[in-house]
Amino acid sequence: CIASMVDRTLDASGLRCPMPLLKTKLELNSMAPGEELEVIATDAGSARDIPAFLQMSDHKLMSSSETAGQYRFVIKCGG
C-alpha cells in the first residue's frame with residue numbers, strides 16, 4: 001500500500017448509493033482549493049457517480065482505482 005500525500009481521507013465503505021457521493025460533496029465543500037481528498041467506497045455506483053459529479057464541478061479527479069470491490073478516488077479540491 002502506497003501512502004499518498006492526501007490532505008483528508010473519507011472512508012465511505014459499506015455505504016449505499018447515494019451516500020458515498022453525498023459525503024464526498026460535503027467533504028469537498030469544507031476543504032480549501034488545492035487540497036486533496038481520498039475517497040474509499042465499496043458501492044459500485046460510486047465508480048460511475050463520483051467521476052460524473054466531478055466532471056460537472058471545479059474539482060479534479062487525480063486518480064481512481066478498483067481493487068477487490070473497493071473503489072479509491074483521489075480528488076483535488078477546485079476553487
Side-chain angles (χ1 to χ4, degrees):
C1 182
I2 301 163
S4 57
M5 298 301 295
V6 295
D7 297 287
R8 295 194 201 174
T9 297
L10 170 65
D11 187 354
S13 299
L15 296 177
R16 308 282 308 157
C17 187
M19 289 310 294
L21 178 58
L22 291 175
K23 287 188 172 285
T24 298
K25 287 181 181 179
L26 288 171
E27 197 69 32
L28 286 166
N29 286 343
S30 69
M31 292 173 68
E35 285 189 322
E36 291 195 355
L37 172 65
E38 175 187 44
V39 179
I40 297 164
T42 51
D43 186 79
S46 301
R48 180 187 62 242
D49 296 345
I50 290 174
F53 157 70
L54 294 171
Q55 285 183 329
M56 298 182 297
S57 73
D58 293 333
H59 311 300
K60 185 175 180 196
L61 182 61
M62 304 303 286
S63 70
S64 66
S65 60
E66 186 264 327
T67 309
Q70 185 179 70
Y71 301 88
R72 180 179 176 273
F73 307 91
V74 176
I75 304 161
K76 181 169 279 200
C77 186

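Being a predicted model, the structure only gives us computed values, none of them experimental. Reckoned from all heavy atoms, side chains included, excluding hydrogens, waters and symmetry mates.
When all heavy atoms are compared, the tightest approach of Cys17 to Asp49 is SG-OD2, 3.1 Å. When all heavy atoms of Ile75 and His59 are compared, the pair lying nearest together is CG2-CB, 3.9 Å. Annotation for Phe53 and Leu21: closest pair CB-CD1, 3.6 Å, computed over non-hydrogen atoms. In terms of heavy-atom proximity, Asp43 sits nearest to Leu15 at CB-O, 3.4 Å. Minimum heavy-atom separation, Ala41 to Ser46: CB-OG, 3.6 Å. Looking at every heavy atom in both residues, Arg16 comes nearest to Pro20 through O-CD, 3.3 Å.
Side-chain atoms of Ser64 never come within 3.5 Å of backbone atoms of Phe73 as a donor-acceptor pair (strictly under, hydrogens ignored). At least one donor-acceptor pair closer than 3.5 Å links the side chain of Glu66 to the backbone N or O of Gly69.
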Apply the test side chain to side chain contact (heavy atoms under 4.5 Å, CB included) to residues Met5 and Glu36: give CA-CA distance (whole Å), side-chain angles for both, the deciding distance (0.1 Å), then the verdict.
CA-CA 8 Å; Met5 298 301 295; Glu36 291 195 355; over 6 Å; no
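Distance CG/Asp11 to NZ/Lys23: 10.5 Å, rounded to 0.5 Å. Residue Glu27 holds its CD atom at 9.5 Å from OG1 of Thr9, rounded to the nearest 0.5 Å. Note that the OH atom of Tyr71 and the OG1 atom of Thr42 stand 9.0 Å from one another [nearest 0.5 Å]. With rounding to the nearest 0.5 Å, the separation of CG in Leu28 from CG in Leu10 is 9.0 Å.
No path of Ile, Leu, Val, Met, Phe, Trp and Tyr side chains, each step under 4.5 Å between heavy atoms, connects Leu37 with Met19, placing them in separate hydrophobic clusters. Residues Leu22 and Val39 do not share a hydrophobic cluster, defined by chaining ILVMFWY side chains whose heavy atoms lie under 4.5 Å apart.
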